[in-house]
Amino acid sequence: MKKHNFYITTPIYYPSGQPHMGHAYSSILADVFARFSRNDNNKVYFLTGTDEHGLKIQKAAEKNGLDPLIYCDKISAVFRDLTKKLNLSNDDFIRTTEKRHLKAVNDLWKKLVNSGDIYLSKYKGWYSVSDEAYYSSDEVIEKNGNKFSTYSGSPVEWVEEESFFFKLSAWQNKLLDFYDKNESFILPISRRNEVINFVKSGLKDLSVSRTSFTWGIKVPNNDKHIIYVWLDALTNYLSALNFPNTDDELYKNFWPASLHVIGKDILRFHAIYWPAFLLAAGLRPPSRVFGHGWILSGDEKMSKSKGNILNPLEIIDKYGIDELRYYLMKEVSHGSDGSISLSNLKRCINSDLANNYGNLCQRVFSFVKNNCDNKVVKTNKISESDKKLTEQTNVLTKDLKKEMNNQNLNNYIKSVINVSFLTNKYINDEEPWKLKKNNVEKMYNVLHMSLEQIAKISILLNPIIPNASSKVLSALNIDNKMRNYTFLDGSYLIADTVQISELGILFKKII
Ligand code: MSP
């Protein structure tokens, strides 16, 4: 099988406050794609980290009475810890205050200067510190004497200062041409259209340096200017691969990035500015930017400033990380915004994990333990219902790789959990507990079939619920080397004689 190299990234977090559910969601989504690609026998590099420069962080540090770097050391550690709590499989955690990053940003800046894409002028316009974004006058409204961005709703302030500019306007047609030639560069399609319309409406040159604060990377040969935090931050995707050393194995293997998973609020930066910077610097843009929606609480974006936060760490402590991962991946519609609530989380865990997949594993394992001394031997008693279950499973799993590779995770999970539901139904219909008395051969076959189904489902659910699924696969004594998707071609996962080990409790039902 041909192996591919996949470079998958999450947005690097602003360490300006405590982690919230939006962070958890964005990162878990990227982690699921990374784990899936790894299980699919590809070489994967998965990156996350912290975005530590800019006025927003400087202000947060000041508020806490700390030097910005000391403040960042502290909060970055909280986010690094979050990656462990979320069970992310990241290969690296980059901080934009690291030397390797400084080197990459300096080099990219020089490339943009050398290509003639940067010039010095004066910026006069609106700026939002919380978005770290510039807005034009037609993107600003006034409410009660204060000005806000119509794009994000964040407060904006008027800025007038000397600034270096990136000639974004010169890239308008080249960007449109790039989107045209790379149809799945921006997914989902609705976001692609949104970006194309914005670019078509005209791009202005972009201010890429500031002089009114100090916390950031200095413009090479000009100490007065700090590089715009988004140009700085986006470059993390290159610095982690040891750019500008383009002979480095990491860079050679993994650039251009395969997939940047990001929230829709930062789509403009990733889908417009980032490819423009890269094209101008003579570098290849990423293959895909997937812009997921927002996690909502009621109808509102979940955010600290709105005070409507479901704390991911509390949920993990109380219900478990697989449970949170499953709920967010299954129930939030990834292309659009999704509302979450504690009652839906409980319902989802109970119905899909405790009563469906968990129950399937538990009932088969305890039956095999209590009646077959933990050992099942396959027989030739294949019945019509066995064939039917295999066919139904094949139909449901046929397009799963395609679904995942197009980030259609909702469809993917729905199909897999359906396989689990059908397997439970098969066991109810076949009644192995009755076969024990009059048809042991058939009983063994039903059990073998059920264990095979459990193995398939566990491998398919592995990217989403890595802990529980690995527990099951280990209890089935399935070797790590076998935990991939080769079985989708029709091959068997478990041996003819299966010896199982003790399976502890997988999911507790939430009352
Ligand atoms: N630092 C920038 C990213 C720079 S990438 C070069 C940033 N950081 S963030 O901490 O504010 O957000 C991290 C991720 O969480 C982003 O993908 C953002 O879209 C996502 N979310 C933050 N709040 C969210 C929701 N309420 N819902 C879903 N995701 C949202 O942006």
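As the structure lists them, so they are numbered: ligands from 1, and atoms in each ligand from 1. Along the sequence shown, the residues carry numbers beginning at 1.
- Ligand 1 does not have S27 within reach: every non-hydrogen atom of the residue lies 4.0 Å or more from it.
- For the side chain to side chain contact (heavy atoms under 4.5 Å, CB included) test, residues two or more places apart in sequence or in another chain that qualify with I226 are F213, K218.
- Between S26 and ligand 1, an N or O atom pair is found at a separation short of 3.5 Å.
- With a 4.0 Å cut-off on non-hydrogen atoms, H20 touches ligand 1 through its side chain and not its backbone.
- The atoms of ligand 1 that sit less than 4.0 Å from any heavy atom of N236 are 6 (C).
- A cation-pi arrangement, defined by a distance under 6.0 Å to the six-membered ring centre and an angle within 45 degrees of its axis, is present between K264 and W294.
- In the vicinity of G293, heavy-atom distances shorter than 4.0 Å reach the ligand 1 atoms 28 (C).
- At least one heavy atom of H270 lies less than 4.0 angstrom from ligand 1.
- If you look at T10 next to ligand 1, there are no close heavy atoms at all, none under 4.0 Å.
- Judged purely by distance below 3.5 Å, without hydrogens or angles, the side chains of H4 and N42 never pair a donor atom with an acceptor atom.
- Other residues, nucleotides and ligands contribute at most 12 non-hydrogen atoms within 6.0 Å of the CG atom of N221.
- Between the side chains of T96 and E52, no donor N or O sits under 3.5 Å from an acceptor N or O.
- With a 4.0 Å cut-off on non-hydrogen atoms, W230 touches ligand 1 through its side chain and not its backbone.
- Checked by atom type, the side-chain pair H225/E162 shows a donor-acceptor distance below 3.5 Å.
- Applying the 4.0 Å criterion to heavy atoms of D265 picks out, from ligand 1, the atoms 18 (C), 19 (O).
- Residue contacts with ligand 1: A233 is placed with no nitrogen or oxygen under 3.5 Å of a nitrogen or oxygen of the ligand (distance criterion only).
- The distance from ligand 1 to the heavy atoms of I295 drops below 4.0 Å at these ligand atoms: 25 (C), 26 (N), 27 (N), 28 (C).
- The shortest heavy-atom distance from K264 to ligand 1 is not under 4.0 Å.
- Geometric assessment of K56 against the ring of Y14 yields a positive cation-pi assignment under the 6.0 Å and 45° thresholds.
- Here D51 has side-chain heavy atoms under 4.0 Å from ligand 1, and that is the only part of it that gets that close.
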Step by step, would you call Y237 with H270 a ring pair (Phe, Tyr, Trp, His ring centres under 6.0 Å)? CA-CA 11 Å; Y237 302 132; H270 282 82; 5.7 Å; yes
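- In summary, the atoms of ligand 1 found under 4.0 Å from a heavy atom of G263, numbered by their order in the structure, are 17 (O), 19 (O).
- Residue pairs that meet the side chain to side chain donor-acceptor pair (under 3.5 Å) test with at least one member in residues 80-90, sequence neighbours left out, are D31-S89, R35-N87, R38-S89, D81-K85, N87-N467.
- Listed by number with element, the atoms of ligand 1 under 4.0 angstrom from any heavy atom of Y237 are 5 (S), 6 (C).
- Of all the atoms in ligand 1, the ones that sit under 4.0 Å from a non-hydrogen atom of I266 are 3 (C), 16 (C), 17 (O), 31 (O).
- Ion pairing between a basic and an acidic side chain is recognised when a charged N comes within 4.0 Å of a carboxylate O; E331 and R325 show no such pairing.
- In this structure, a donor-acceptor pair under 3.5 Å is absent between the side chains of N253 and Y45.
- Geometrically, ligand 1 and Y25 share no nitrogen or oxygen pair separated by less than 3.5 Å.
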